[in-house]
Amino acid sequence: QQPVQSPQAVILREGEDAVINCSSSKALYSVHWYRQKHGEAPVFLMILLKGGEQKGHEKISASFNEKKQQSSLYLTASQLSYSGTYFCGTGATDSWGKLQFGAGTQVVVTP
Amino acid sequence: GAVVSQHPSWVICKSGTSVKIECRSLDFQATTMFWYRQFPKQSLMLMATSNEGSKATYEQGVEKDKFLINHASLTLSTLTVTSAHPEDSSFYICSARAPSGTRRYNEQFFGPGTRLTVL
């Protein structure tokens, strides 16, 4: 089953923060976050594994609550380069590495 | 990060013809690769899992006779769209899973994608 992402879209001014949520109905082993620019393939941001960890990549960080089967991506002090569509990909515990992707969250950062 | 290439990057073909898309992992051996399809402004939909040396496993609703997958070596998987029709026009993306026993096991590295247009 496809994970549910929210919000569908968000518009930010440069320097503002945003949170993107991803929730699944299945027990998760991993959550993967990607950013995709128009016409390009997704670019890997980070992976969170079972264990409730939090990770960061520049000013983008993420958390994973395995009990709630949820992950959140935090965009801090957003930059223009953060614009794109963010996808979470979830790996269920019985999925043998397969990922199911959410519908995506379109982020637009304006000057 | 690991590099995955796809060829061709785009292809235009006539309805009824077959198209082959190659996915290569350039700097690691990938026993498992995945094929996704993405329609405009939509999410990535997993089509199939490609395992080296064995038959691919297809997701529900994906016709295995139409989308032929061959994973003949540890660095190459191919997707052949047979008898392509306009509704097969899409962005096809492969990913390669980092090998077990490596630090980045569980990560998937995506190729740049192939845009298929069927006239």
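Chain A is the first sequence line, chain B the second, and so forth, proteins listed ahead of strands; every chain is numbered from 1.
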A.B. asks: Is it true that, when you exclude B:Tyr58 itself, more than 12 heavy atoms of the residues, nucleotides or ligands shown sit nearer than 6.0 Å to its OH?
C.D. replies: yes
A.B. asks: What distance do A:Glu40 atom CD and B:Ile93 atom CD1 have between them, rounded to the nearest 0.5 Å?
C.D. replies: 11.0 Å
A.B. asks: For atom NZ of B:Lys66, decide whether the heavy atoms of other residues, nucleotides or ligands shown that lie under 6.0 angstrom number more than 12.
C.D. replies: yes
A.B. asks: Looking only at heavy atoms and a cut-off of under 4.5 Å, which of B:Glu59, B:Lys41, B:Met45 has the most pairs with chain A?
C.D. replies: B:Glu59
A.B. asks: When you measure from the side chain of B:Ser43 to the backbone of A:Gly104, do you find a donor-acceptor pair of N or O atoms at a distance under 3.5 Å?
C.D. replies: no
A.B. asks: Does atom CG of B:Leu26 have more than 12 heavy-atom neighbours, drawn from other residues, nucleotides or ligands, at distances under 6.0 Å?
C.D. replies: yes
A.B. asks: What part of B:Leu44 lies closer than 4.5 angstrom to a heavy atom of chain A: side chain, backbone, both or neither?
C.D. replies: both
A.B. asks: Counting only heavy atoms from other residues, nucleotides and ligands, does the tally under 6.0 Å from NZ of B:Lys64 exceed 12?
C.D. replies: no
A.B. asks: Between A:Phe101 and B:Met33, is there a shared hydrophobic cluster once you connect ILVMFWY residues whose side-chain heavy atoms come closer than 4.5 Å?
C.D. replies: no
A.B. asks: Which bit of A:Gln106 is near chain B, if near means a heavy-atom gap under 4.5 Å: side chain, backbone, both or neither?
C.D. replies: neither
A.B. asks: If you count the non-hydrogen atoms of other residues, nucleotides and ligands that lie under 6.0 Å from CD in A:Gln8, is the total more than 12?
C.D. replies: no
A.B. asks: Drop me the distance from B:Gln108's CD to A:Tyr34's OH, to the nearest 0.5 angstrom.
C.D. replies: 5.0 Å
A.B. asks: Is B:Val118 reachable from B:Tyr36 through a run of I, L, V, M, F, W or Y residues, each pair having side-chain heavy atoms under 4.5 Å apart?
C.D. replies: no
A.B. asks: So how far is it from A:Thr85 OG1 to B:Gln42 CD, rounded to the nearest 0.5 Å?
C.D. replies: 12.5 Å
A.B. asks: Using the rule that Ile, Leu, Val, Met, Phe, Trp and Tyr join whenever any side-chain heavy atoms are under 4.5 Å apart, tell me whether A:Tyr86 and A:Val31 fall into a single cluster.
C.D. replies: yes
A.B. asks: Look at A:Gln5, A:Gln36, A:Gln2 and state which one has the largest set of heavy-atom pairs under 4.5 Å with chain B.
C.D. replies: A:Gln36
A.B. asks: Working to the nearest 0.5 Å, report the span between OG of B:Ser95 and NZ of A:Lys98.
C.D. replies: 12.5 Å
A.B. asks: Indicate the atoms forming the closest heavy-atom contact of A:Ala41 with B:Gly113, along with that distance.
C.D. replies: CB-N, 4.4 Å
A.B. asks: Is the A:Phe44 ring parallel, tilted or perpendicular to the B:Phe109 ring (thresholds 30°, 60°)?
C.D. replies: tilted
